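These numbers come from the heavy atoms of this one structure, side chains and all, not from hydrogens, waters or symmetry mates. Chain naming here is simple, since letters A, B, ... match the order of the sequence lines and numbering starts at 1 in each. No experiment lies behind these values; they were computed from the predicted model shown.
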Protein chains: 2
Amino acid sequence: MNIGTASEKSGLPPKTIRYYEDIGLMKAGRAGNGYRDYSTEDVHRLRFLQRSRGLGFSVEECRQLLSLYDDKQRESAEVKAIAEAKLKEIDRKLAELVGLRDTLRHLVRHCHGDERPECPIMDGLAGEQATG
Amino acid sequence: MNIGTASEKSGLPPKTIRYYEDIGLMKAGRAGNGYRDYSTEDVHRLRFLQRSRGLGFSVEECRQLLSLYDDKQRESAEVKAIAEAKLKEIDRKLAELVGLRDTLRHLVRHCHGDERPECPIMDGLAGEQATG
DNA sequence: CCTACACTTTCCAGTCACTGGAAGGTCAAG
DNA sequence: CTTGACCTTCCAGTGACTGGAAAGTGTAGG
């Protein structure tokens, strides 16, 4: 399939897909006419990249995540270590996202824009501690 | 408090904090010596920025999120609309993050690097649909 | 007082991850 | 065989930092 179709199916712009190829993150095959050719599996990977990039993982981290699929021959221990580190990171991100949602929900419910001098949220905002 | 302390407490590098001031995202007061001076509330905002940036929200989106706190005088409807749109986005991100975690967990459990020809995950990987 | 050193300031250049646009090739429809 | 949507490469620009220079500040020790 051509890059346009892969773009639609993955949610990544063609420009970005080409860029990922440039930096060696995601290489596609080529058809006889020189066009890039994407398989269903390629689209899965692009989707995966689209997701993880959108969730704040760097390109290097995404490279590691992708390597979990691509380097099946590698040491089981190494692959598992990377995967488990990433799982921890994801759990941390999940907790942060839940915290952000709670903050915002609280805001919507209690600070309804009726010109109070101070919003009760400001005090407890993100007060979970930073360096902990 | 000085920028260094605010940096430690917020988790954002001083460079980034200054950059946020440059682009008008987060302005701090100044002490007599010309040093930036951060209040506890300022640190809360920085923490908030640190979180939301790390979760894939753009600076412009963060500006909107912050405006929910800063522009208490604004139309209640407008503030609520922004907040609710952001809440939806956060819920979407949460779902994606859960999906990513499940994919990775599945990988760790079922593809333990023992040189199988094909990983059973590849088929179901990110198969939730893209354009839906 | 001076020195040392960590911290701060501004400014300017560089990096990462795209993103837009030009100039040109490919392909299916009419 | 033209039109137009798609593809190619290449190069420049943007958003969000990030590093480093040059200079001011603050404090502890001599």
Side-chain angles (χ1 to χ4, degrees), chain A residues 1-39 42-43 45-67 89 93 96 100 130-131, chain B residues 1-39 42-43 45-67 89 93 96 100 130-131:
Chain A
M1 113 192 36
N2 282 351
I3 199 168
T5 314
S7 166
E8 272 173 45
K9 294 202 180 188
S10 67
L12 286 171
K15 281 272 180 187
T16 304
I17 298 177
R18 289 192 199 100
Y19 171 72
Y20 286 168
E21 187 170 319
D22 278 359
I23 62 171
L25 186 53
M26 173 70 213
K27 196 177 171 184
R30 294 283 173 143
N33 55 9
Y35 286 17
R36 287 172 184 82
D37 187 26
Y38 296 87
S39 68
D42 288 336
V43 170
R45 285 170 201 219
L46 290 173
R47 272 283 292 154
F48 185 79
L49 287 172
Q50 194 269 330
R51 268 201 207 174
S52 35
R53 284 293 296 123
L55 292 165
F57 287 97
S58 74
V59 162
E60 272 330 291
E61 286 172 322
C62 290
R63 204 189 291 275
Q64 287 194 321
L65 287 167
L66 261 194
S67 80
E89 233 175 296
K93 274 178 193 290
E96 287 196 346
L100 198 59
T131 44
Chain B
M1 109 190 44
N2 282 352
I3 199 169
T5 314
S7 166
E8 273 172 45
K9 294 202 180 190
S10 67
L12 286 172
K15 281 270 179 188
T16 304
I17 298 177
R18 288 192 199 100
Y19 171 72
Y20 286 167
E21 186 169 320
D22 278 0
I23 62 171
L25 186 53
M26 173 69 214
K27 197 178 172 184
R30 295 283 174 140
N33 55 9
Y35 287 14
R36 286 171 184 81
D37 188 25
Y38 295 87
S39 68
D42 288 336
V43 170
R45 285 169 200 220
L46 291 172
R47 273 282 292 154
F48 184 79
L49 287 172
Q50 193 269 330
R51 268 201 206 172
S52 36
R53 284 294 296 123
L55 293 166
F57 287 98
S58 73
V59 163
E60 271 331 289
E61 286 171 323
C62 290
R63 203 189 292 274
Q64 286 193 322
L65 287 167
L66 262 193
S67 81
E89 232 176 297
K93 274 178 194 288
E96 287 198 346
L100 198 59
T131 44

Peer 1: Rounded to whole Å, please give me the gap between CG in Leu49(B) and P in dA16(D).
Peer 2: 12 Å
Peer 1: To the nearest Å, how far apart are Glu8(B) CD and dA6(C) P?
Peer 2: 15 Å
Peer 1: Please report the distance, rounded to the nearest Å, between CG in Asn2(A) and C1' in dT26(C).
Peer 2: 10 Å
Peer 1: Given atom OH of Tyr19(A) and atom P of dT19(C), what is their separation to the nearest angstrom?
Peer 2: 10 Å
Peer 1: Can you see if the side chain of Arg30(B) gets near the phosphate of dT10(C) - specifically, an N or O under 4.0 Å from OP1 or OP2?
Peer 2: yes
Peer 1: Taking the side chain as every heavy atom from C-beta outward, state whether Arg53(A) and Cys62(A) have any pair of such atoms under 4.5 Å apart.
Peer 2: yes
Peer 1: Go nucleotide by nucleotide along DNA chain D from the 5' end; which of Glu60(B) and Gly32(B) gets its closest nucleotide reached first?
Peer 2: Glu60(B)
Peer 1: When the distance from CZ of Arg53(A) to C1' of dC16(C) is rounded to whole Å, what number comes out?
Peer 2: 9 Å
Peer 1: Contact class for Arg18(B) vs. all strands (heavy atom < 4.0 Å): base, sugar-phosphate, or nothing?
Peer 2: base
Peer 1: Ignoring backbone atoms, test whether Thr16(B) places a side-chain nitrogen or oxygen under 4.0 Å from the OP1 or OP2 oxygen of dT18(D).
Peer 2: yes
Peer 1: Which sits closer to the 5' end of DNA chain C, Tyr35(A) or Asp37(B), going by the nucleotide each is nearest to?
Peer 2: Asp37(B)
Peer 1: At less than 4.0 Å, is any side-chain N or O atom of Tyr20(B) found next to OP1 or OP2 of dC17(D)? Yes or no.
Peer 2: yes
Peer 1: Between Ile3(B) and Lys15(B), which is nearer to the 5' end of DNA chain C once each is assigned its nearest nucleotide?
Peer 2: Ile3(B)
Peer 1: dA16(D), dC18(C), dT26(C): which one has an atom nearest the side-chain heavy atoms of Asn33(A)?
Peer 2: dT26(C)
Peer 1: Rounded to the nearest angstrom, tell me the gap between atom CZ in Arg63(A) and atom C1' in dA17(C).
Peer 2: 12 Å
Peer 1: Given atom CD of Glu21(B) and atom C1' of dC17(D), what is their separation to the nearest angstrom?
Peer 2: 16 Å
Peer 1: For a 4.5 angstrom cut-off between non-hydrogen side-chain atoms, does Lys93(B) reach Phe57(B)?
Peer 2: yes
Peer 1: For the residue pair Ser39(A) / Asp42(A), report whether a side-chain donor-acceptor contact shorter than 3.5 Å exists.
Peer 2: yes
Peer 1: Within the structure shown, what part of the strands sits under 4.0 Å from Ile23(A) by heavy-atom distance: base, sugar-phosphate, or nothing?
Peer 2: nothing
Peer 1: Please give, in whole Å, the distance from dG25(C) P to Arg36(A) CZ?
Peer 2: 17 Å
Peer 1: Side chains of Met1(A) and Val43(A): does their closest heavy-atom pair fall under 4.5 Å?
Peer 2: yes
Peer 1: Compare every heavy atom of Asp37(B) with every heavy atom of Ala31(B), then report the nearest pair and how far apart it is.
Peer 2: N-CB, 4.1 Å
